[in-house]
Undergrad: 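Below are the C-alpha cells for one structure; questions will follow.
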Number of protein chains: 2
Amino acid sequence: MNENKNISIKDVAKHANVSTATVSHVINGTRFVSEETKRKVHQAMDDLNYRINSVARSLRSRKSHVIAFLAPILASETSNFFFMSVAAGIQSVLKQNNYHLVLSDSHEELEFEEDEIRMLSSQMIDGLIMAPASRECDYDQHFGDYPVVYIDRVPNNHQRDSVLVDNKTVSKEAVQMLIGKGHKRIAFLSGPHTLTTTEERYEGYIEALTEAGIAVDSQLIRIGEVTLSNGYQLTDVLLQHDPSAIFVTDNVMAMGVMSYLQEKSIRVPGRIAVVAFDEFQWTRITSPPLTVIEQPAFELGVKAAEVMLERIENANAPRQEHRLTAKLIVRQSS
Amino acid sequence: MNENKNISIKDVAKHANVSTATVSHVINGTRFVSEETKRKVHQAMDDLNYRINSVARSLRSRKSHVIAFLAPILASETSNFFFMSVAAGIQSVLKQNNYHLVLSDSHEELEFEEDEIRMLSSQMIDGLIMAPASRECDYDQHFGDYPVVYIDRVPNNHQRDSVLVDNKTVSKEAVQMLIGKGHKRIAFLSGPHTLTTTEERYEGYIEALTEAGIAVDSQLIRIGEVTLSNGYQLTDVLLQHDPSAIFVTDNVMAMGVMSYLQEKSIRVPGRIAVVAFDEFQWTRITSPPLTVIEQPAFELGVKAAEVMLERIENANAPRQEHRLTAKLIVRQSS
DNA sequence: TAATGATATGTAAACGTTTACGCGGAATCC
DNA sequence: GGATTCCGCGTAAACGTTTACATATCATTA
C-alpha cells in the first residue's frame, strides 16, 4: 500500500503482461482487444488500484474534455442565482457527454474577466461559454483556439455562436399587460445599458409604449447601479413623477423597490403595480407576491452546452444564434 | 499568424538563441538569468505570442495549483446562495496566492459526490475543500494523495482539517432570545439530521430549553425535506400544536413558513415569532423583516483556503479544527 | 601559470499518456 | 503451397514542460 508513487499505465502493462498500447486501448476502447486480454488488463488495474492521469492524457491528446463557464457568478446574489441555474443546465448536458465543467467568475468586471480568460487559455480547455461583463469588449486576441459560445449577453460585433433570451419580446409583453390594465405612466428601472440584455428590455418597453400611443416620459426612466439600496433610492425618485406602475429589469433592484414600497406602506398594486425580472422563490413570499418574468436559465445552459458540443464536432458549421423565450408570470403585484 | 500550431518553449528558445532551460527559468524565476538574456527571452515571448501550456507544466512538476471545491452548489437556491459566498471567500485567498479554484457540484447526493471525487482525483488537483453531502460517508479510499479540508460539515469519524460554524452556540443564543421574550412553546423545524450542522443546531435548541427548565415537546419538533413547500406544510402541522415561535434552521424552509403565515394572515410576531437561518437580501423585504442567524459564509471560505494552503506547505502539521461564530440579527419577526 | 571558484547557460531525461507504424502468425484464396 | 488478407498486439515517438547535471567562460588566487 505505497501511495507515494502513482502507478502508471506502464505498471499496469507490466503486471498484465501486455504493452502500454494495449492498456490504453482497453481503457479507451480505441481498437479491438480480445476478451481474454481485456480481462487481464482490468484485473491488473484493479489489483494496482490504477487511476488514469488525465493531465498526461490531455497533454498528449490535446483534448481536455473540460468546458469553462465564465460569468459573474459571485458578483451578487441576483447574478449568482441566475447563472447558477445556467451552470446547472450546462452541467447536465456536459455530464451526459463525458465532459467536465469548470466555473470561473468574472466579478462582472472587465479586468477580472480578462485575467480569467488569460488563465483559462493556458489551462487547456476544449471550449468556453461566457457571459461578457460588457458589450464593449473584444477578447478575440486573448482567446485560445477553442470555440467560444456567448450566453445571455454578447459583445458588440462578435462572430461567435450565442444563446440568448428574447428579452425584447417578453418585456414588450409585460408592458403591454400593464397597459391593458389601464396603466399609462409606466416607469422603467434598470441597470446600466452596457449589457445587451438591458438594452433589449428597454427596447421592448419603448416599443410597447409607442405602439399604444403613449408618449415616453424620460422622467420615468431611471438607470442605476444594480443594488438593493439603489433600487430603494430610485423608487423614491420615481415616485415624485407619479407613475402607476414600475417595470424593474433587475431582480435585486426589485428588492429595493419592494422594500421602499413596503416601508412607506404604499399599496401594491392599488397605488402602484410592480413587474420584475427573474423568478426566484422569494418572489412568492413578498406581499403581495410579485409578477415576474421568468427567464429560462436552465434551458439557456442546456442550449449553450449543446451548441458548444456541436461546434467542437464541427468547427466549420455555420454560426448559430438562439433566442429562448421567457415567460411572464402574473401574480398579485400587477 | 498561424494559430494552428501552438508555439512552445522550444520555439521561444530558438527565437531568442537560448536553451529551453533558460526560458523556463526566466518564466519561473527559478535561477539567475542575466538581464540581457531575460530581455531577449521576453522579447521572443512577445513576438511569438507565447502562452505557457500549464498541462505540460503540471505533468512534469506534479503540481497543478488548482484547488477544487466540492459542495451542493447547484442543488437549491438556498445552498447555492450560501456556498457561492463560501466559494467567493475561497477564491479571494487562492487568487492572492496564485492558485486557481474549480467548482464542483455534488447535488447534495452521495452518488453524485462520489462521481465527482473520482473525476477530480484523476484531474490532478493540489487540494480539495468539500462539504460532504452526509455525515455518513467515507471517501478516504477514493481521495487521491492531495490534502482534504472539510467545510461547513464533516463526516462522522474523519481525520482531516475542518472549518465549521459554531452552530450550537448561536442556535442556543437564538432560542434563549425567544425564551427571554416570554416564549415557552418554541417549535424546531429543520432538514434531516444527516448533516452535522442540523444536528448541532438541534443540540443548541435542546440545551437552551432544558437550561431554562422548559420541557421538550416532541410535537413541536419537525424534520423534513428542505423545500419551500415542505416548510409550508410542516408549518400547518406545527400550528396544530400551538407554538408561539418557530425556529427554522433552513432558509428555504423559512420561505415556506413565511408563505404559510402570510397566506393565512397570521400575525408575525404577534401570534407567532419566527427566527430563521442565513442572511440574504430577501429576508429584509418579507413582512415583517426576518430575524435571522447570519453565517460567516465568506469568512468560512477564507479560512478553509488558508488552512488548505498551510496544509500544502506542511503535510505533517497537526490537524486543525476551526469554529467560526455566527451572528444573530434581530429584526421584527421575533 | 595552473588551479580554483564564481557565473551564466546548455543538454537531455523525465512526467504518463496516445497513436502512427509495424510485425508475426493464422486463415483464406487461387 | 505460395501469396494474400486479417487479426491481435507491440515498439517507440511524440505532447510541452521542469530540473538534475554538466559545461564554458572568466576572474581570482597561490
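Naming: A, B, ... by sequence-line order, numbering from 1 per chain.
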Undergrad: Give the C-alpha distance, both sets of side-chain angles, the deciding distance and a yes or no for salt bridge (charged side-chain N to carboxylate O under 4.0 Å, His left out) between A:E108 and A:R153.
TA: CA-CA 12 Å; A:E108 197 81 272; A:R153 329 148 166 180; 2.7 Å; yes

Undergrad: In whole angstroms, how far is the C1' atom of D:dC9 from the NZ atom of A:K40?
TA: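 The answer, rounded to whole Å, is 10 Å.
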
Undergrad: Counting side-chain heavy atoms from CB outward, which of D:dT11, C:dT11, C:dA8 is closest to B:T20?
TA: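 Nearest nucleotide to the side chain: C:dT11.
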
Undergrad: Tell me, do A:I73 and A:M84 make a side-chain contact under 4.5 Å, heavy atoms counted?
TA: yes

Undergrad: Select base, sugar-phosphate, or nothing to describe what A:V33 touches, counting heavy atoms under 4.0 Å on all strands.
TA: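 If one applies the 4.0 Å heavy-atom cut-off, A:V33 turns out to touch the sugar-phosphate alone, with no base involved.
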
Undergrad: Please give, in whole Å, the distance from C:dA8 C1' to B:E36 CD?
TA: 13 Å

Undergrad: Within the structure, does a side-chain N or O atom of B:T22 lie under 4.0 Å from either OP1 or OP2 of C:dT9?
TA: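 No, outside the criterion.
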
Undergrad: For A:D46, is the CG atom crowded, meaning more than 12 foreign heavy atoms sit under 6.0 Å from it?
TA: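 For A:D46, atom CG is crowded (more than 12 foreign heavy atoms under 6.0 Å).
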
Undergrad: Between B:T22 and B:S19, is there a side-chain heavy-atom distance shorter than 4.5 Å?
TA: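 Yes, their side chains come closer than 4.5 Å.
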
Undergrad: What is the nucleic acid contact for A:S24, judged by heavy atoms within less than 4.0 Å: base, sugar-phosphate only, or nothing?
TA: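 The answer is base, as A:S24 lies within the cut-off (heavy atoms under 4.0 Å) of a base atom.
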
Undergrad: Would you classify B:V18 as touching base, sugar-phosphate or nothing, given that sugar-phosphate means primed atoms plus P, OP1 and OP2, and contacts are heavy atoms under 4.0 Å?
TA: sugar-phosphate

Undergrad: Report the nucleotide, chosen from D:dT18, D:dT11, C:dG10, that has the shortest atom-to-atom distance to any side-chain atom of A:A21.
TA: D:dT11

Undergrad: Atom CD1 of A:I52 and atom P of C:dG16: how far apart are they, to the nearest Å?
TA: 12 Å

Undergrad: Would you call the rings of B:H107 and B:F112 parallel, tilted or perpendicular, taking 30° and 60° as the class edges?
TA: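 B:H107 and B:F112: parallel rings.
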
Undergrad: Name the closest nucleotide to the A:L59 side chain, picking from D:dT11, C:dG16, D:dT18.
TA: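 Ranking D:dT11, C:dG16, D:dT18 by closest atom to the A:L59 side chain puts C:dG16 first.
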
Undergrad: If you take atom types as modelled and just measure distance, does the side chain of B:R60 reach the base of D:dT18 with a donor-acceptor pair under 3.5 Å?
TA: yes

Undergrad: Using a distance-only criterion (donor-acceptor N/O pair, under 3.5 Å, no hydrogens), is the base of C:dT19 paired with the side chain of A:R31?
TA: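 Not at all, since no donor on one side and acceptor on the other fall under 3.5 Å apart.
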
Undergrad: A:I7 CD1 to C:dG16 P: how many Å, rounded?
TA: 10 Å

Undergrad: Among the candidates D:dT19, C:dT9, D:dG10, find the nucleotide nearest to the side-chain atoms of A:S19.
TA: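 The listed nucleotide nearest to A:S19's side chain is D:dG10.
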
Undergrad: By the definition side-chain hydrogen bond (donor to acceptor under 3.5 Å, both in side chains), identify the one residue from A:S106, A:S104, A:S121 that meets it with A:E116.
TA: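 The residue from A:S106, A:S104, A:S121 that satisfies side-chain hydrogen bond (donor to acceptor under 3.5 Å, both in side chains) with A:E116 turns out to be A:S104.
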
Undergrad: Send over the distance from A:K10 NZ to C:dT17 C1', rounded to a whole Å.
TA: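 About 10 Å, once rounded to whole Å.
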
Undergrad: Expressed in angstrom and rounded to an integer, what is the separation of B:K63 atom NZ from D:dT19 atom C1'?
TA: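 These atoms are roughly 16 Å apart.
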
Undergrad: Would you indicate which nucleotide in C:dT17, D:dC15, C:dA12 comes nearest to any side-chain atom of A:Y50?
TA: C:dT17

Undergrad: Rounded to whole angstrom units, what separation is found between the NE2 atom of B:H25 and the P atom of C:dT11?
TA: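 Distance, rounded to whole Å: 14 Å.
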
Undergrad: If you pin B:S61 and A:I27 to their nearest nucleotides in DNA chain C, which one's is more 5'?
TA: B:S61

Undergrad: Less than 4.0 angstrom between a side-chain N/O of A:S34 and OP1 or OP2 of D:dC9, yes or no?
TA: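 Checking D:dC9 against A:S34, a side-chain N or O does come within under 4.0 Å of OP1 or OP2.
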
Undergrad: So A:T37, base contact, sugar-phosphate only, or nothing? Heavy-atom distance under 4.0 Å.
TA: sugar-phosphate

